[in-house]
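Inspection log for the structure reproduced underneath, given as structure tokens.
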Amino acid sequence: MIQEKRQQAVIVGSGIAGIAGAIRLTCKGYNVTVLEANSYPGGKLTVLQLGNYRFDAGPSLFTLPHLVDELFELAGKHPKDYFAYDQAETACHYFYEDGTILHFFSDQQRLLEEVKTKLHIDSKPLKDHLKRSKLIYDATHKAFMERSLHRFKSYISTDILKCVAHIPWLNLFTTMHKANEQRLNHPKLVQLFDRYATYNGSNPYSAPGILNIIPHLEHGFGTFFPRKGMHSITTSLVQLAEELGVRFQFNERVEEIMADAKQVTGVRTGAAFYPAEVVLCNSDIKPAYTHLLKKQPKPKKTLTQEPSSSAMIFYWGIKHSFPQLDLHNIFFSEDYKGEFEAIFANKTVSSDPTVYVHISSKKVTNDAPEGCENWFVMVNVPHNQGQDWEALRKQIRISVLEKLSRMLQTDIASLIEEEDYLDPRRIETRTGSFGGALYGASSNDRMAAFFRHPNFSKINGLYFAGGSVHPGGGIPLCLLSAKIATDSVSNVK
Ligand SMILES: Cc1cc2nc3c(=O)[nH]c(=O)nc-3n(C[C@H](O)[C@H](O)[C@H](O)COP(=O)(O)OP(=O)(O)OC[C@H]3O[C@@H](n4cnc5c(N)ncnc54)[C@H](O)[C@@H]3O)c2cc1C
């Protein structure tokens, strides 16, 4: 007879970190219920069907897949029985207005050759730059990404000593752009490496050079793509969670996290009170303090951090195929600095934004009808502060269509047969993320990492995981946040 598990854990939200947290807590012996405001799981990691075209609605770039595999292994399962993916040969195709096209190969030798041939430069500075990115990763990932920055014991580890010993090489006191300008010997490469700041919604002209850790995730470990598209990360993990006994309650918004003195007691929704010894909050941290933890003191520094950028996305079913395009494609702005000034200083969008085109049907052929492609076309924009998004969407659509038609020498508008969009307001409404910011707070300040909310709380039994808390946004870091949060929860005997 199966013994009833006594200890209850409730997860607020079924974003990727919420689902990962549910799996981890179940493996620790808890009886886990996930309460989700939407009618579907996954939060930002969701899907959209337009006619015969399937789109991954949110994330498209997949790195560090072992962090997903790890969850299946933890539960004693074979990851491949649930979730399959392949490494991509090319990280991205980069298009510049002067006609230069760079294929950023995963294989370093091919990449160095490509840069030498297309830019007519010595490829050694690029090789050294990638080496430096690895050095930053090796020196910092254990200390900064894999454990809490907010616990004293984290600071008495050898990993911290290693990190401190490497401070002169971490570029903490210069910006990412300046570090790239000093090391790379071509403005096109500087622009390309500056772009990695956008991987966590930051501005390369103000973010510290330590963010040059990001290229190593792509070029050191490689980029991957799930055989059934990004949304299969959500569906396969939900399948695992349900097999383990996790209960998902959809259309059930948590209204308050309840605590008695210093101990969490459960959560209250419009429908019921759910008692729990452990509550893992996967909601964005700002609305969590505004709505769910109203009676608790507010961490002012954390809540006043500058939000990361958001996105304007057009989902286009394109009745044509473009052999020169890959899974990930970037069409660069000619005024990159102006583009970031528009986003972070002027809270608007430049007239020549960089355009990202992701086409999952390049790998998942069923995602579009034969001879057609599913284009996910994205421009970085500021978080929502009440801008006129209808006007901005019209303006961005015109500049994107002009840019892509010019650079691909094809009239793109006439090829669109299905269309929808996502803007900061929709992201905010659909996922609860403050202002529709993609990654919680930006990393534009060198202290940003320290002001992110910890994965635990002063209230016993209350934990936090997700893109707006430590160690940050993006799928890999969200998965790590769930690990750090639940590592400090004791096993149920
Ligand atoms: C357009 C876009 C592109 C992106 N591109 C990439 C990429 O290429 N690669 C990458 O790694 N990352 C990317 N990201 C970022 C990545 O999607 C996020 O960092 C990650 O998915 C966030 O997961 P999360 O666990 O924080 O939860 P979220 O996805 O933010 O979900 C939170 C969930 O909690 C629910 N919720 C909130 N409050 C409550 C409540 N009170 N009660 C019940 N439920 C509640 C919400 O409804 C939601 O389902 C992108 C994001 C977007 C939007």
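Here the structure is a predicted model, which means the values were calculated and not measured.
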State, with a plain yes or no, whether a side-chain heavy atom of L422 is found less than 4.5 Å away from one of R430. yes
Would you check if the side chain of S308 reaches a backbone N or O of S202 as a donor-acceptor pair within less than 3.5 Å? no
Over all heavy atoms of both residues, which pair between V10 and P275 is shortest? Give the atoms and the distance, please. CG2-O, 4.5 Å
Residues, nucleotides or ligands: over 12 heavy atoms within 6.0 Å of K44 NZ: yes
Can D367 and Y53 be said to form a side chain to side chain contact (heavy atoms under 4.5 Å, CB included), step by step? CA-CA 5 Å; D367 281 356; Y53 296 85; over 6 Å; no
Counting heavy atoms not belonging to K294, are there more than 12 under 6.0 Å from its NZ? no
Between T348 and P382 the two heavy atoms that sit nearest each other are O-CD, 3.3 Å
Please confirm whether H78 and F72 have ring centers closer than 6.0 angstrom. no
Answer yes or no: is there a side-chain heavy-atom contact under 4.5 Å between Y439 and S433? no
Does any non-hydrogen side-chain atom of F376 lie less than 4.5 Å from one of Y356? yes
Are L327 and H358 side-chain neighbours, meaning at least one heavy-atom pair lies under 4.5 Å? yes
Working to the nearest 0.5 angstrom, can you tell me the gap between I343 CD1 and H383 NE2? 12.5 Å
Any heavy-atom pair between the side chains of N384 and F434 that's under 4.5 Å? no
Step by step, would you call R227 with D86 a salt bridge (Lys or Arg N to Asp or Glu O under 4.0 Å)? CA-CA 7 Å; R227 287 196 191 152; D86 299 299; 2.8 Å; yes
Under the salt bridge (Lys or Arg N to Asp or Glu O under 4.0 Å) rule, collect the residues that match up with D445, sequence neighbours excluded. none
Using a distance-only test with no angle check, is there a side-chain donor-acceptor pair under 3.5 angstrom linking N282 and S14? no
Give a yes/no verdict on a cation-pi contact between R393 and Y421, requiring under 6.0 Å between NZ or CZ and the six-membered ring centre and an angle within 45° of the axis. yes
Could you check E341 against K347 for salt bridge (Lys or Arg N to Asp or Glu O under 4.0 Å), going step by step and ending with a plain yes or no? CA-CA 8 Å; E341 257 165 33; K347 316 292 181 202; over 6 Å; no
For a quick check under 3.5 Å, do H453 and Y289 share a side-chain donor-acceptor pair by atom type? yes
Closest approach of K28 to N491 (non-hydrogen atoms, all atoms of both residues): CG-OD1, 3.1 Å
Does the side chain of Y463 come within less than 4.5 Å of T486's, by heavy atoms? no
If you apply the rule side-chain hydrogen bond (donor to acceptor under 3.5 Å, both in side chains), what do you find for D194 with N180, and how did you get there? CA-CA 7 Å; D194 280 357; N180 290 339; 2.9 Å; yes
Rounded to the nearest 0.5 angstrom, the CG-CG distance for N444 and N200 is 8.5 Å
Does the side chain of E252 come under 3.5 Å of the side chain of Y274 through a donor N or O and an acceptor N or O? yes
CZ-OG1 distance between R426 and T431, expressed to the nearest 0.5 angstrom: 13.5 Å
Establish, from distance only, whether the side-chain atoms of E218 and Y199 form a donor-acceptor pair under 3.5 Å. yes
Grab the two heavy atoms, one from A17 and one from L280, that are nearest each other, plus how far apart they are. O-CD2, 4.4 Å
Looking only at heavy atoms, what is the nearest atom pair of P454 and V469, with distance? O-CB, 4.4 Å
Could you walk me through whether K77 and D81 pass salt bridge (Lys or Arg N to Asp or Glu O under 4.0 Å), step by step? CA-CA 8 Å; K77 311 277 186 183; D81 291 344; over 6 Å; no
Is the shortest side-chain heavy-atom distance between L135 and K131 below 4.5 Å? no
Quick one: are P226 and H231 in side-chain contact, heavy atoms under 4.5 Å? no
Heavy-atom closest pair (L211 atom, P215 atom, distance to 0.1 Å) is O-CD, 4.0 Å
Rounding to 0.5 Å, atoms SG (C281) and CD1 (I11) come to a distance of 10.0 Å
Distance from K228 atom NZ to D56 atom CG, nearest 0.5 Å? 13.5 Å
Would K80 and Y85 count as a cation-pi pair here, with the cationic atom under 6.0 angstrom from the ring centre and within 45° of the axis? yes
Under 3.5 Å, is there a donor-acceptor pair linking the side chains of Y82 and E243? yes
Knowing that exactly one of T354, V355, L438 qualifies, which makes a side-chain contact (heavy atoms from CB on, under 4.5 Å) with M378? L438
Can we say K286 and D284 salt-bridge, meaning some charged N sits less than 4.0 Å from an Asp/Glu carboxylate O? no
